[in-house]
Protein chains: 2
Amino acid sequence: MKICVLGGDGYCGWATALYLSLKGHAVSVVDNFLRRQWDFELGAQTLTPIQPLSDRLRVWQKVTGKAIELFTGDVTDYEFLSSVIQTVEPDAVVHFAEQRSAPYSMIDRKHAIFTQINNVAGTLNVLFAIKEFRPDCHLVKLGTMGEYGTPNIDIEEGYIRIDHNGRSDVLPFPKQPGSFYHLSKVHDSHNIMFACKIWGLRVTDLNQGVVYGTVTDEVVLDEALINRFDYDEVFGTVLNRFCVEAAAGHHLTVYGKGGQTRGFLDIRDTVRCIEIACLNPANEGECRIFNQFTEQFSVLQLAEMVQAAAWKMGLTVEIDHLPAPRVEAEQHYYNAKHSKLIDLGLEPHYLSDSLLDSLMNIAIRYRERIDSSLFLPQVQWRNARNLRSRPSSLSVSAG
Amino acid sequence: MKICVLGGDGYCGWATALYLSLKGHAVSVVDNFLRRQWDFELGAQTLTPIQPLSDRLRVWQKVTGKAIELFTGDVTDYEFLSSVIQTVEPDAVVHFAEQRSAPYSMIDRKHAIFTQINNVAGTLNVLFAIKEFRPDCHLVKLGTMGEYGTPNIDIEEGYIRIDHNGRSDVLPFPKQPGSFYHLSKVHDSHNIMFACKIWGLRVTDLNQGVVYGTVTDEVVLDEALINRFDYDEVFGTVLNRFCVEAAAGHHLTVYGKGGQTRGFLDIRDTVRCIEIACLNPANEGECRIFNQFTEQFSVLQLAEMVQAAAWKMGLTVEIDHLPAPRVEAEQHYYNAKHSKLIDLGLEPHYLSDSLLDSLMNIAIRYRERIDSSLFLPQVQWRNARNLRSRPSSLSVSAG
C-alpha cells in the first residue's frame with residue numbers, strides 16, 4: 001500500500017514509518033519538526049540521541065534498501081498538504097501530526113489555544129485534502145483514550161447503545177477529556193465523524209492508550225535509527241519517566257494517590273495496530289473507532305512494578321506521592337473495552353519483567369544524558385499561567 | 001447587575017442588550033462588526049434598515065435615559081478582551097460573539113476553519129479572561145440545540161443518566177452536530193465543561209433553538225433601534241425567511257421533505273431567558289445546561305403555517321421542496337426537554353397567528369428591500385467548495 005505518515009519524525013510516527021516500510025509498504029513521511037522545536041522551548045532533550053530525520057532516512061535506506069520519501073512542511077498549511085496528497089496519491093494517511101502533550105497544552109492560554117488550533121485546523125485540512133483530492137483514501141487518525149475521561153460505566157469503543165424512556169439509539173460515547181490537549185482530540189473526533197457522514201470518507205479513529213517502550217525490530221537495525229524517549233514532565237509518558245527516574249536514583253514521581261487507571265500499550269503494538277487498521281480499511285462513510293491499548297494499570301501499580309524491577313538490578317527506589325498537578329479523580333472505576341484490534345489479529349506484547357529490564361537498561365545506557373530537573377511537574381492544571389523555570393536546586397537528584 | 005454582552009450588535013445580542021438595559025442592569029457591549037462585514041461578503045443586507053451601533057446607542061440613551069457602554073474589538077484578541085473584563089468588572093458575561101451560521105461554515109475549507117478557530121479561540125479567551133480577572137463572574141454562553149443532532153431518544157438538558165452493564169453514571173449528552181458551525185459549539189461546550197471543572201468557573205450554557213421574530217418591546221421605541229432581520233439562505237433563520245418569501249410572492253423554500261424538526265423560540269423569549277440565567281447564576285464549578293426553546297415544529301409545518309397566514313392576507317403562496325442542500329435526516333424522531341427555564345420563571349410567547357401576521361407585515365413594510373436572489377440555497381453540504389454566485393436569472397421572483 002501507499003501510506004503517508006503525517007508526523008513521521010515523532011515518537012510513534014517514526015516507529016510506524018519504519019515498521020510499515022519494512023513490511024513492504026511504500027511509505028512517505030510528512031513532518032515540520034515542531035516537536036524538535038518544543039525540546040528547545042522546554043529545555044528538554046530525549047534520553048536517546050536521535051539523529052536528524054534526513055540522516056535517519058539515509059541510514060534506513062542503506063540498511064534495508066527501502067526508501068522513505070520525506071515532505072517537509074506543516075499540515076496546517078493547506079497548499080502544502082494538498083500538494084502532498086496529490087503527489088503521493090496514498091491509499092492510507094496515518095495522522096500523528098498533532099501536539100500530543102497534556103501538560104504542554106496546560107502551560108498557559110497561548111499553549112492551550114495553539115494546541116487546539118494546530119490540532120483541529122490540521123485535521124480539518126487533512127479531511128478536506130482527502131475529500132478534494134483522494135476521496136477513497138483511508139484516514140487512520142490517532143486519538144486518545146483520554147477522550148473518554150473516567151466515567152463510572154464501562155467504556156465502549158467509540159459508540160454506546162443508550163436505552164432511554166422506552167427508546168434506544170447507538171450514539172457517540174460521551175466524552176470527558178481532562179486537558180486542553182485531550183479536548184483537541186475530542187474536537188477532532190466530532191469533526192471526523194461529521195466528515196464521514198457528509199462526504200462518505202473512510203476513517204479509523206484510534207483512541208490510543210499511553211505508549212511505553214522505545215525499541216522496535218526496526219530501530220535496532222542501526223543506532224542512527226534510535227527512536228526518541230521522552231522522560232520529562234511535559235512530554236514523557238509515565239512508564240518511560242519512571243524507568244528513567246529509577247535509573248537516575250530519583251524517587252518515582254506519582255501524582256497524588258496514584259489510583260489514576262489508564263490503558264497502556266507497548267510501542268511495538270502501536271505500529272502493528274496502525275498496520276492492521278491500514279490493511280482493513282473502514283467502509284465508505286464509516287467512522288470506525290478502536291480503543292488501542294492492551295492492558296490497564298494504575299499509576300501506582302506501574303511505580304511498584306518499576307520499583308521491583310529496579311530492586312532486582314540492585315537499585316533501591318522510593319515512590320513519592322506529589323501534590324496532584326492535574327485535576328482528575330485519583331481513585332475511580334475504569335473498565336475500557338479493547339477487543340476490536342484483537343479481533344483483527346493484534347497479538348499484544350504485554351508488559352513484562354523483561355520489557356521493564358530493557359527500559360531500565362536503556363535508561364542506564366544513556367544515564368549521562370538524564371537531566372533530573374525535568375522530572376518534577378511544573379504545570380499545574382489549576383493555574384491559568386504556569387511559568388516553567390528550573391532553579392539549580394531542582395537539578396540535584398533526590399536519589 | 002453589571003452585564004457585558006459580547007456580540008451586542010448582532011440579532012440576538014442587540015435585542016438582549018436593550019432588554020437588560022431597560023430592566024435596569026448596567027450593560028456594556030462588545031462587538032467587532034464582523035457580522036456587518038459578512039453582509040458585504042455575501043451581498044446580502046438585513047431586510048430591516050439597521051443603523052450603525054454608535055447611532056443606535058445614542059438614540060437609546062435619548063429615548064430611555066439609559067447609557068450602554070460600547071467597546072469595539074474582537075474577543076479573539078486577548079489583550080483587548082481581558083482589558084474589557086478588568087475595566088467593566090462584570091457580574092455576568094453574555095457571550096453571543098461567534099460566527100453563528102451553519103451554511104456560512106459550509107461554504108468551503110476557509111470558512112469552516114475560520115468558524116471553528118474564531119468560535120473556539122474566542123470562547124477560550126473568554127474563559128481565561130474570567131479565570132484570570134473576574135473568577136466569580138457568571139458566564140452565560142450561547143450554544144445551540146443543533147449540538148444534539150437528531151438522536152432516536154429523548155434529548156435531555158445537557159446531561160443524561162446512562163445505565164450500562166449494571167453500572168450507572170450521569171454523563172454529557174452525546175452530540176451529533178450537523179455542520180462545521182454546530183461542531184464549533186460542541187467544541188466550546190466541551191472546553192467550557194472542563195474550565196468549570198478545573199477552575200471552578202460558573203457557566204450557563206444555553207442550547208438555543210431557532211429564533212424568530214424581530215420586534216421586542218425595546219426596539220419599537222424608535223425606528224433607529226430596529227433589529228436586524230435576515231432572510232437570506234446563509235444567515236436567515238427558517239421562519240423569518242419563509243415570511244419574507246411569502247411577502248415577496250416567492251415559493252417557500254423547504255429543503256427536502258421538510259420533516260426536519262427543531263426547537264423554536266420567539267426573540268422576546270431569548271432576551272428573557274438571558275435575564276433569567278443572569279439573575280440565577282450557576283454555582284461555583286457548575287456547568288449548567290439549559291435547552292432554550294419553547295416549541296417544536298417541523299420545517300414543513302412552519303411552511304404550512306406561513307402559507308395559511310399569507311392566504312388570510314390575500315397572498316397565495318406555494319411550497320417548494322428543493323433538493324436538500326444539507327446532509328440530515330428529513331424525517332426523524334424528535335423530543336427535546338426544555339423545562340429548566342420554565343421552572344425559573346420563563347413565560348413563553350408561543351408562535352401565534354398574530355405573530356405570523358406581524359412578521360409578514362414587517363416583510364411587506366420593507367418589501368422594496370427584498371432581494372429574492374438570496375432565497376435559494378447555494379451552499380451544498382456535500383461539496384468541499386461552494387462558489388456562491390447570483391446569476392441574474394436567480395433574482396427573478398418565482399412568485
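Order of the sequence lines fixes the chain letters, A, B, ..., with proteins taken first and strands second; residue numbering starts at 1 for each chain.
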ask   = Around atom NZ of B:Lys337, are there more than 12 heavy atoms of other residues, nucleotides or ligands at under 6.0 Å?
value = yes
query = Just wondering, are more than 12 heavy atoms of other shown residues or ligands nearer than 6.0 Å to CD in A:Gln331?
reply = yes
task = Name the region of B:Ile160, side chain, backbone, both or neither, that has any atom closer than 4.5 Å to a heavy atom of chain A.
result = side chain
query = In terms of heavy-atom proximity below 4.5 Å to chain B, should A:Asn335 be classed as side chain, backbone, both, or neither?
reply = neither
Part of A:Lys197 lying under 4.5 Å from any heavy atom of chain B = both
message = Sub-4.5 Å heavy-atom contacts with chain A: which residues of residues 163-170 of chain B show up?
response = B:His164, B:Asn165, B:Arg167, B:Ser168, B:Asp169
message = Within residues 150-158 of chain B, which residues come under 4.5 Å of chain A, heavy atom to heavy atom?
response = B:Pro151, B:Asn152, B:Ile153, B:Asp154, B:Glu156
Work out which heavy atom in [X] is nearest to a heavy atom in [Y]; give both atom names and the distance.
{"X": "A:Ile113", "Y": "B:Ala121", "answer": "CD1-O, 4.0 Å"}
{"X": "B:Lys175", "Y": "A:Pro172", "answer": "O-CG, 3.8 Å"}
{"X": "B:Pro174", "Y": "A:Ile162", "answer": "CG-CD1, 3.9 Å"}
{"X": "B:Asn191", "Y": "A:His187", "answer": "OD1-NE2, 3.2 Å"}

inquiry  = Tell me which of these, B:Arg385, B:Arg161, B:Glu328, B:Arg326, has more heavy-atom pairs under 4.5 Å with chain A than the rest.
reply    = B:Arg385
ask   = Between B:Pro177, B:Gly200, B:Ser179, B:Ala112, which has the largest tally of heavy atom pairs under 4.5 Å with chain A?
value = B:Ser179
Look up atom [atom1] in [X] and atom [atom2] in [Y], then write down how far apart they are to the nearest 0.5 Å.
{"X": "A:Phe194", "Y": "B:Gln176", "atom1": "CZ", "atom2": "CD", "answer": "12.0 Å"}
{"X": "A:His190", "Y": "B:Gln116", "atom1": "NE2", "atom2": "CD", "answer": "11.5 Å"}
{"X": "A:Lys131", "Y": "B:Arg382", "atom1": "NZ", "atom2": "CZ", "answer": "9.5 Å"}

inquiry  = Shorter than 4.5 Å, heavy atoms on both sides: which option in A:Val120, A:Asp108, A:Asn125 has the most such pairs with chain B?
reply    = A:Asn125
query = With under 30° as parallel and over 60° as perpendicular, where do the rings of A:Phe180 and B:Trp199 fit, or are they tilted in between?
reply = tilted
ask   = Between B:Arg109 and A:Glu132, is there a salt bridge with N-O shorter than 4.0 Å?
value = no
query = When you look at B:Ile198 and A:Met106, which way does the side-chain contact (heavy atoms from CB on, under 4.5 Å) test go after all the steps?
reply = CA-CA 11 Å; B:Ile198 61 167; A:Met106 299 302 296; 3.7 Å; yes
